[in-house]
Amino acid sequence: MKILIPGSFDPPTNGHIDVIKRCSKIFTEILVGVVVNPSKESLFSREERSSMLEEIFKDYKNIKVMSFEGLLVDFASKNSVDAIVKGLRAMTDFDYEFQMAQANSTLAGFETIFIPSSPEFGYLSSSMVKEIHSFGGDVSSLVPSEVLKRLNNE
Ligand code: PNS
């Protein structure tokens, strides 16, 4: 089964990496879709976000990274995925994710499978990483080394 894990990944966190790695043990093919949203300013460019993820998953034969613009369901159709997978951190994620899952099902018949985040990453988000880092806080336990290097411009 080929699945799509979409997201902004601005930047990828240990929570994202955990969900993607767990999925790589369950599903045969994983496509990580990095969304490009022209109306949303991002810290990292499309190329930077994609190349960080490619570096992180370079040893995983069944994980591929691509970026996309436009509708998720169009990208999913073009790449012949069987389902969309989203990580859920808490009930606060649920309303929004449930609506998107229903919209994607109505638009193109795509099913969404939810995977709970591991408890240690339940609070973690890209926005939190950016905020802590912008005030000089230590985010080394929250992101992979490939991301830390970029955050620190190394
Ligand atoms: O990591 P994020 O920012 O929560 O990911 C959100 C994402 C990429 C899943 C969502 O913004 C998305 O699907 N964007 C593509 C545009 C689209 O299809 N919108 C309608 C969704 S119902």
Side-chain angles (χ1 to χ4, degrees), residues 1-24 26-27 29-57 60 62-134 139 141-148 150-151:
M1 186 172 175
K2 179 174 179 179
I3 56 129
L4 167 63
I5 306 182
S8 303
F9 304 108
D10 186 40
T13 68
N14 285 342
H16 293 127
I17 307 313
D18 173 64
V19 166
I20 298 168
K21 283 185 179 172
R22 283 162 56 212
C23 284
S24 80
I26 303 169
F27 302 104
E29 262 186 89
I30 317 294
L31 175 58
V32 180
V34 179
V35 76
V36 181
N37 184 347
S39 59
K40 197 172 151 187
E41 206 177 306
S42 60
L43 177 64
F44 291 104
S45 69
R46 145 197 219 145
E47 290 77 17
E48 287 171 316
R49 288 179 280 147
S50 299
S51 73
M52 282 186 274
L53 286 160
E54 276 162 4
E55 280 172 42
I56 294 162
F57 295 117
Y60 288 73
N62 66 342
I63 301 178
K64 187 177 169 186
V65 180
M66 287 174 79
S67 60
F68 73 99
E69 265 173 88
L71 280 181
L72 178 67
V73 289
D74 290 342
F75 179 66
S77 300
K78 268 189 214 121
N79 289 283
S80 308
V81 306
D82 299 301
I84 296 161
V85 172
K86 302 295 290 287
L88 282 187
R89 288 165 298 191
M91 282 310 284
T92 43
D93 281 343
F94 188 77
D95 268 353
Y96 175 66
E97 294 296 346
F98 196 70
Q99 278 178 20
M100 286 220 287
Q102 288 180 326
N104 288 330
S105 166
T106 307
L107 278 172
F110 276 103
E111 296 292 357
T112 300
I113 300 168
F114 294 120
I115 300 261
S117 69
S118 294
E120 64 268 38
F121 302 123
Y123 66 94
L124 183 55
S125 67
S126 299
S127 329
M128 183 185 281
V129 167
K130 285 185 277 195
E131 182 159 339
I132 296 171
H133 186 262
S134 73
V139 293
S141 62
L142 309 180
V143 296
S145 58
E146 293 82 352
V147 173
L148 193 62
R150 303 253 180 167
L151 281 168

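Read the numbers this way: they start at 1 and go in the same order the structure lists the ligands and their atoms. Along the sequence shown, residues are numbered consecutively beginning with 1. Atom set for the values below is all heavy atoms of this structure, side chains included, hydrogens, waters and symmetry mates excluded.
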> With the threshold set at 4.0 Å, does a side-chain nitrogen-carboxylate oxygen contact exist between R22 and D18?
Replying inline: yes
>> Can you name the atoms of ligand 1, numbered from 1 with element, that are less than 4.0 Å from a heavy atom of K86?
In response: 9 (C)
>> Please tell me if atom 12 (C) of ligand 1 is touched by the protein, where touching means a protein heavy-atom distance below 4.0 Å.
In response: no
> Closest approach of F75 and S67, non-hydrogen atoms and distance?
Replying inline: CE1-O, 4.1 Å
> What is the nearest protein non-hydrogen atom to atom 5 (O) of ligand 1, stated with its residue, atom name and distance?
Replying inline: G7 CA, 3.5 Å
> With no hydrogens and no angle check, is any side-chain donor or acceptor of N62 less than 3.5 Å from a backbone partner on I30?
Replying inline: no
> For atom 3 (O) of ligand 1, what is the nearest protein heavy atom, given as residue, atom name and distance?
Replying inline: S8 OG, 2.5 Å
> Using heavy atoms and a threshold below 4.0 Å, how should the contact between L72 and ligand 1 be classified: side chain, backbone, both, or neither?
Replying inline: both
> In terms of atom number and element, which parts of ligand 1 are under 4.0 angstrom from non-hydrogen atoms of G70?
Replying inline: 15 (C), 16 (C)
> Looking at L142, V143, V129, which one forms a side chain to side chain contact (heavy atoms under 4.5 Å, CB included) with L148?
Replying inline: V143
> What atoms of ligand 1 come closer than 4.0 angstrom to any heavy atom of A103?
Replying inline: 22 (S)
>> Heavy atoms only, cut-off 4.0 Å: how does N104 contact ligand 1, side chain, backbone, both, or neither?
In response: side chain
>> Heavy-atom count check: over 12 atoms from other residues, nucleotides or ligands less than 6.0 Å from E120 CD?
In response: yes
> So do Y60 and I56 actually touch side chain to side chain, heavy atoms under 4.5 Å?
Replying inline: no
> Which heavy atom of the protein is the closest neighbour of atom 14 (N) of ligand 1, given with residue, atom name and distance?
Replying inline: V35 CG2, 3.9 Å
>> Within ligand 1, which atoms have a heavy atom of L71 less than 4.0 Å away?
In response: 17 (C), 18 (O)
> Between M100, K40, Q102, H16, which one has a non-hydrogen atom sitting closest to atom 21 (C) of ligand 1?
Replying inline: M100
> Hey, which of L31, I84, I63, V85 is the one that makes side chain to side chain contact (heavy atoms under 4.5 Å, CB included) with I5?
Replying inline: V85
> Of E146, K130, R49, which is the lone residue that meets side chain to side chain contact (heavy atoms under 4.5 Å, CB included) with P11?
Replying inline: K130
> Heavy atoms of the protein only: does one fall short of 4.0 Å from atom 7 (C) of ligand 1?
Replying inline: no
